Amino acid sequence: MSRFYFNGATLLALALTLAASTQAQTDQSPETPLGQITGTVTDVKGDAVIGASVILTWIPNSTDQKTVFTTDNGFFRFDALRPTVPYKITINADGFAEWISPPITLAPGQVCPIGNVSLQIATQNTTMEVTYDPIEIATEQIKSEQTQRIFGVIPNFYVSFDGENAAPLTTKMKFDLALKVSYDPVTIAGIGIVAGARQAGNSPNYPQGEKGFGDRFGASAADGFSDIMIGGAILPSLLHQDPRYFYQGTGTTRSRLRHAILSAFIAKGDNGEWQPNYSSVGGDLASSVLSNLYFPKSNRGTELVFSLFALGTGERIGANVAQEFLLGRFTHRRHQITDALTQ
């Protein structure tokens, strides 16, 4: 029993001795000194920025923050900062760009003056909204197209060189374009040439002489006018189709030839989608039917209608191919003259 008591007493004495020793060491070790960060905020001219928000963030824990505001002389200070911990400072002020410091790590008891922080004027981002007005674009494009002339003489108004950028035409534009082509002096001269060729071929069966030439001139004018008004203005307006030929100009010869031929049967809708060319085909057919009203009785009939329809369709295909491979090179237009040598 006495032996157990001796061992217990010995252990108790040792424990008390260790506790006293530890307490003595604690009492003798001073606390780790805390640090401080100071600075001044100015603008680019060196004037103090008053009331700027200065945020001190402990980098390992971004939610651990302290915020102060600059004084009348732009000064700020953070006290009681733990050493060996990385901090960053973020400064914001109205009208100025945000300023962020590199990481700052303090030594025990260190006072870290970061000096003068010069804030830059904030860059303003201006957003410009460009409104696309298809009518205004189409107006400018049609004005340019109405100046297009082959060799600067022969009207070539029904060709668009704008490709996918071509804006749809309004009903008024379609009628204006058709009338401008119909009454152009070169168009009228062309009607005279066609009438002369018909006079020489004695077709249709009008008499020879001045009267016969006048009849043929009138018939040729009626053919052309009815075709361009119906196929170039009336039906395109009703069916919302574009009566123009859209010049391709690039790609293989095969693709361009295919485009030129199919354009007689496929038209671009006012919605930008390609669709069956009811306008041009309908215009050719309607013009051929109307020819029965003024051609000599000996020429009238279904044969006249279908022969004129086939002739009109063939002429359209030939004109498209010529536009794609030849006439486009020699078409003078406003703001741009196509140089045949660069094609």
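Not measured: the values here are computed from a predicted model. All values below come from the heavy atoms of this structure, side chains included, with hydrogens, waters and symmetry mates left out.
Atom CG of Asp94 is surrounded by 12 or fewer heavy atoms from other residues, nucleotides or ligands within 6.0 Å. Sparse packing is recorded around CZ of Phe306, with 12 or fewer heavy atoms of other residues, nucleotides or ligands lying under 6.0 Å away. No more than 12 heavy atoms of other residues, nucleotides or ligands lie within 6.0 Å of CD1 in Ile135, so this atom counts as exposed by the packing criterion.
Checking Ser263 against Asn320 by side-chain atom types alone, no donor-acceptor pair falls below 3.5 Å. Side-chain contact check for Gln148 and Thr331: no donor-acceptor pair (N or O, by modelled atom type) lies under 3.5 Å. Between the side chains of Glu324 and Tyr245, at least one donor N or O sits under 3.5 Å from an acceptor N or O. A side-chain donor-acceptor contact under 3.5 Å links Gln208 and Asn202. Counted by atom type alone, Ser255 and Gln248 present one or more donor-acceptor pairs between their side chains at under 3.5 Å. Between the side chains of Asn277 and Ser280, at least one donor-acceptor pair of N or O atoms lies under 3.5 Å.
Side-chain contact between Ile142 and Leu169 is present, with heavy atoms from C-beta onward closer than 4.5 Å. Side-chain atoms of Pro243 and Pro236, non-hydrogen and from C-beta on, do get closer than 4.5 Å to each other. Counting heavy atoms from C-beta outward, Ile228 and Tyr158 have side chains that approach closer than 4.5 Å. Contact annotation: the side chain of Thr32 approaches that of Pro83 to within less than 4.5 Å [non-hydrogen atoms, C-beta and beyond]. Using a 4.5 Å heavy-atom cutoff, the side chains of Ser160 and Glu145 are in contact.
One finds the CZ atom of Arg216 at 7.5 Å from the OG atom of Ser203 (value rounded to the nearest 0.5 Å). For the atom pair CG (Leu290) and CG (Leu308), the distance works out to 11.0 Å, reported to the nearest 0.5 Å. Considering CD1 of Ile55 and CD of Gln65, their distance stands at 5.5 Å, rounded to 0.5 Å. Distance check: Thr253 OG1 to Leu257 CG gives 8.5 Å after rounding to the nearest 0.5 Å. In this structure, CZ on Arg329 lies 13.5 Å from CD1 on Ile150, to the nearest 0.5 angstrom. Glu98 contributes atom CD, which lies 4.5 Å from atom CG of Asn92 (distance to the nearest 0.5 angstrom).
Residues Val153 and Tyr183 are members of separate hydrophobic clusters, defined by side-chain heavy-atom contacts under 4.5 angstrom among Ile, Leu, Val, Met, Phe, Trp and Tyr. The hydrophobic cluster containing Phe295 does not contain Phe309, counting ILVMFWY residues as joined when their side-chain heavy atoms lie under 4.5 angstrom apart, directly or transitively. By the rule that hydrophobic residues join a cluster once side-chain heavy atoms approach within less than 4.5 Å of another member, Leu304 and Val289 end up as members of separate clusters.
Within the structure, salt bridge (charged side-chain N to carboxylate O under 4.0 Å, His left out) pairs that include any residue of residues 219-232 comprise Arg198-Asp223, Asp227-Arg316 (at least two apart or interchain). Residues in residues 34-49 take part in no salt bridge (charged side-chain N to carboxylate O under 4.0 Å, His left out) pair, two or more places apart or across chains.
Lys211 forms no cation-pi arrangement with Tyr206, by the criterion of a distance under 6.0 Å to the ring centre and an angle within 45° of the ring axis.
Scanning for side-chain hydrogen bond (donor to acceptor under 3.5 Å, both in side chains) contacts around Ser298 gives Asn205, with sequence neighbours left out. Here Gln323 pairs with Asn156 under the side-chain hydrogen bond (donor to acceptor under 3.5 Å, both in side chains) rule; sequence neighbours left out. Residues passing the side-chain hydrogen bond (donor to acceptor under 3.5 Å, both in side chains) test with Arg82, sequence neighbours excluded: Asp64.
Looking at Asp184 and Arg149, a side-chain N of the basic residue comes within less than 4.0 Å of a carboxylate O on the acidic one, giving a salt bridge. Residues Lys174 and Asp176 are not paired through a salt bridge, judged by the lack of any N-O separation under 4.0 Å between the basic side chain and the carboxylate.
A centroid separation of 6.0 Å or more is found between the aromatic rings of His240 and Tyr278.
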Begin with the C-alpha distance, continue with both residues' side-chain angles, and end with the deciding distance and a verdict on side-chain hydrogen bond (donor to acceptor under 3.5 Å, both in side chains) for Thr42 and Asn116. CA-CA 7 Å; Thr42 64; Asn116 181 58; 3.1 Å; yes
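With a 4.5 Å cut-off between side-chain heavy atoms of Ile, Leu, Val, Met, Phe, Trp and Tyr, the cluster of Ile91 takes in Ile37, Val41, Val49, Val54, Leu56, Trp58, Val68, Phe76, Phe78, Leu81, Val85, Tyr87, Ile89, Phe96, Trp99, Ile104, Leu106, Ile114, Val117, Leu119, Ile121.
Taking the six-membered ring for Trp and thresholds of 30 and 60 degrees, Trp274 and Phe246 have ring planes more than 60 degrees apart, a perpendicular arrangement.
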